[in-house]
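Keep in mind that the numbers below use all heavy atoms, side chains included, and drop hydrogens, waters and symmetry copies. By convention here, the first residue in the shown sequence is residue 1.
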Amino acid sequence: MAKALSERDGIILKILLEHPYLHDGLTAESGYNYLLGRTHNDRRNEQWRKSARTFAYWMKRSGFSATRVGDVNRYYWITEEEE
C-alpha cells in the first residue's frame, strides 16, 4: 500500500477500490467522477476534489500505477500478490 496515507485518504481509497471497472484500468476522469458521485453528500474540502488532474496525482501517490493507453493514462491498482 502507499506510504503516509491519512485516515481519510484510506477511506477514499477504499471507496475507489469498489469501482466496478477497476480491473480495466481507470482514467483520472472516470475515477474522479465516480468518487464525486459516491461522496457528493460529504462537503469536505479535500485536495483530490480540485480537478481530475489533481486526482490523478492523488491516485499515483496512493499506490496506483499509470500506463499510457492511446491519448489517456490508465491507472491500475497493483495488489501485493502482483508485485
**Q** Pairs in or reaching into residues 12-39: which pass ring-ring contact (aromatic ring centres under 6.0 Å, His included), with residues at least two apart or in two chains?
**A** His19-Tyr34
**Q** State which residues pass side-chain contact (heavy atoms from CB on, under 4.5 Å) with Arg68; sequence neighbours excluded, sorted by chain then number.
**A** Asn73
**Q** Does the Thr39 side chain pair with the main chain of Asp42, one donor and one acceptor, at a distance under 3.5 Å?
**A** no
**Q** If you compare all heavy atoms of Lys60 against all heavy atoms of Ala66, which two are closest, and at what distance to 0.1 Å?
**A** CD-CB, 3.9 Å
**Q** Quick one: closest heavy-atom pair of Ala28 and Ala56, and the distance?
**A** CB-CB, 3.7 Å
**Q** Given the rule that I, L, V, M, F, W and Y join up when any side-chain heavy atoms are under 4.5 Å apart, are Tyr75 and Tyr57 in one cluster?
**A** no
**Q** If the condition is side-chain hydrogen bond (donor to acceptor under 3.5 Å, both in side chains), which residues does Ser65 pass it with, not counting sequence neighbours?
**A** none
**Q** Between Ser62 (side chain only) and Trp58 (backbone N and O only), is there a donor and an acceptor less than 3.5 Å apart?
**A** yes
**Q** With Leu17, which residues qualify under side-chain contact (heavy atoms from CB on, under 4.5 Å), at least two apart?
**A** Leu13, Leu22, Phe64, Trp77
**Q** Can you sort out the partners of Arg53 under side-chain hydrogen bond (donor to acceptor under 3.5 Å, both in side chains), two or more places apart, ordered by chain and number?
**A** none
**Q** List the residues meeting side-chain contact (heavy atoms from CB on, under 4.5 Å) with Glu46, not counting sequence neighbours, and say none if there are none.
**A** Arg8, Ile12, Arg44, Trp48, Arg49
**Q** Quick one: do Val69 and Thr27 satisfy side-chain contact (heavy atoms from CB on, under 4.5 Å)? Show the steps, please.
**A** CA-CA 10 Å; Val69 178; Thr27 63; over 6 Å; no
**Q** Hey, what do you get for CG (Leu35) to CE (Met59), rounding to the nearest 0.5 Å?
**A** 8.5 Å
**Q** Would you list the pairs meeting salt bridge (Lys or Arg N to Asp or Glu O under 4.0 Å) in which at least one residue belongs to residues 18-40, sequence neighbours left out?
**A** Glu18-Arg38
**Q** Walk me through whether Asn33 and Phe55 qualify under side-chain contact (heavy atoms from CB on, under 4.5 Å).
**A** CA-CA 10 Å; Asn33 289 328; Phe55 178 67; over 6 Å; no
